[in-house]
Amino acid sequence: MILDLDIGNTLSKWRLKDTVSSEIRSRGAVWTREEWRPGEDIPDLDVVTAVRISSVARKQVLDETVELLRKQVGAVHVARSTREALGVTCGYEEPQRLGVDRWLGALAGHHLTGGCCSVDCGSAITVDFVLPGGKHLGGYIIPGLRLMKESLKLGTRNVAIDPDSEVDSLLAPGRNTVEAVNHGIYMAAVSAVNRLYAEVCDREGVALPLLLTGGDARVVARGLRVPHALWPDMVYAGLEALFPLTAAERAGRLSGAPEQPRVADLEKLRSGLALTQML
Ligand SMILES: Nc1ncnc2c1ncn2[C@@H]1O[C@H](COP(=O)(O)OP(=O)(O)O)[C@@H](O)[C@H]1O
Ligand SMILES: CC(C)(COP(=O)(O)O)[C@@H](O)C(=O)NCCC(=O)O
Ligand SMILES: [K+]
């Protein structure tokens, strides 16, 4: 069994993948600030033969996790952002500074679509661009929905945005503090993604497939005006592409990959943008 770990600033996600069949056997998540303790939330390491890790948490969290795992599992692969991998060249001046979750998302997205905009809606919302030839342009970082809410300190942090509510109602003017905050931050996040996507596609002269992942991907995606696809396992898919271990992975089949997303018409994107800029 392969243990894949995606350690974010909020949640540390794990999944167990069957080495032979490539099926996902189980999944879970623990709060990143809590210690890894063998218990009901943590997979049984006896069955694990290899571990792959993406971590953007404090260095100490990664070091402790690797130390714990190395004692029990032979192969521990830790992903790092590099200048080049799998045909993608990193747009950062110092590639190692690019969050590895962003790098893995970009690698997976490029593998699937050959050029993409990858959006990760977690503690932060990150928007990265890779051109069809594999050139990663860099990207944008804004606070995630939860962070935006917490920074306001209005006592509304525990009232989450209901991901099933109608988009129209989420964008309506709030009539109490909770609504005003939830609708305000939702509008901020969705408008930022819509705008950044259109601006960069316009600039580069190409409508890129748009892929979203992360804990808030579903709710953010519902507010987007352009075609897109959700890929909850996009960071894990980057780990699969970088460290292929199963037959399916070696053949380039990444788990949970969505259908090729439809792409917006560039001229339509441009006229939408022109309208926005006029207002
Ligand atoms: N069940 C949940 N538990 C915690 N956070 C959730 C849950 N569902 C959605 N979220 C949202 O997802 C975010 C965490 O998403 P995730 O992609 O795991 O973040 P990170 O990678 O930064 O740890 C939280 O900040 C919160 O807004
Ligand atoms: C931007 C991030 C905090 C996003 O992390 P997440 O929201 O997934 O926990 C992470 O990718 C990170 O720490 N990046 C390093 C800085 C950078 O990418 O420039
Ligand atoms: K993120």
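Computed from a prediction, not measured in an experiment: that's the story for all the values here.
The backbone N or O of L98 lies less than 3.5 Å from a partner atom in the side chain of S81, making a donor-acceptor pair. Between the side chain of R15 and the backbone N or O of L5 there is no donor-acceptor pair closer than 3.5 Å. Distance alone, capped at 3.5 Å, is enough to place a donor-acceptor pair between the H183 side chain and the S169 backbone. A distance-only check finds no donor-acceptor pair linking the side chain of Y186 to the backbone of V167 [under 3.5 Å]. No donor-acceptor pair closer than 3.5 Å links the side chain of R97 to the backbone N or O of Y92. Checking side-chain atoms of S118 against main-chain N and O of L211 turns up no donor-acceptor pair under 3.5 Å.
By the 4.5 Å heavy-atom criterion applied to side chains, L170 and V219 are counted as neighbours. Side-chain contact between D202 and L269 is absent, with no heavy-atom pair separated by less than 4.5 Å. Proximity of L62 to I53: side-chain heavy atoms (C-beta onward) are separated by under 4.5 Å at one or more points. In this structure, T82 and P95 have side chains that are not in contact, with every pair of non-hydrogen atoms separated by 4.5 Å or more. Residues L266 and R270 are in side-chain contact: their nearest non-hydrogen atoms beyond the backbone lie under 4.5 Å apart. Contact of the L212 side chain with the C121 side chain is registered, since non-hydrogen atoms from C-beta on lie closer than 4.5 Å. When side chains are defined from C-beta on, Y140 does not count as touching T126, because their heavy atoms never get closer than 4.5 Å.
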Exercise for review: Take V119 and L210, measure what side chain to side chain contact (heavy atoms under 4.5 Å, CB included) needs, and give me the verdict at the end.
Suggested key: CA-CA 8 Å; V119 178; L210 175 56; 3.8 Å; yes
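Apart from L273 itself, the hydrophobic cluster it occupies contains nothing, where clustering links Ile, Leu, Val, Met, Phe, Trp and Tyr at side-chain heavy-atom distances under 4.5 Å.
One finds the SG atom of C117 at 12.0 Å from the CD atom of E204 (value rounded to the nearest 0.5 Å). Remark: H228 NE2 to R262 CZ distance equals 10.0 Å, nearest 0.5 Å. Separating the CG atom in L171 from the CZ atom in R222 is a distance of 10.5 Å, to the nearest 0.5 Å.
Contact between T89 and E84 at its shortest, heavy atoms only, is CG2-CG, 3.9 Å.
A salt bridge between K13 and D233 is absent, with no side-chain N of the basic residue lying under 4.0 Å from a carboxylate O of the acidic one. E249 has a carboxylate O that lies under 4.0 Å from a charged side-chain N of R52, or vice versa, which qualifies the two as a salt bridge. Here E199 does not pair with R203 in a salt bridge; the nearest charged N to carboxylate O distance is not below 4.0 Å.
Side chains of S123 and T10: a donor on one and an acceptor on the other come within 3.5 Å.
Residue pairs meeting the ring pair (Phe, Tyr, Trp, His ring centres under 6.0 Å) criterion with at least one member in residues 229-277, sequence neighbours excluded, are H77-F243.
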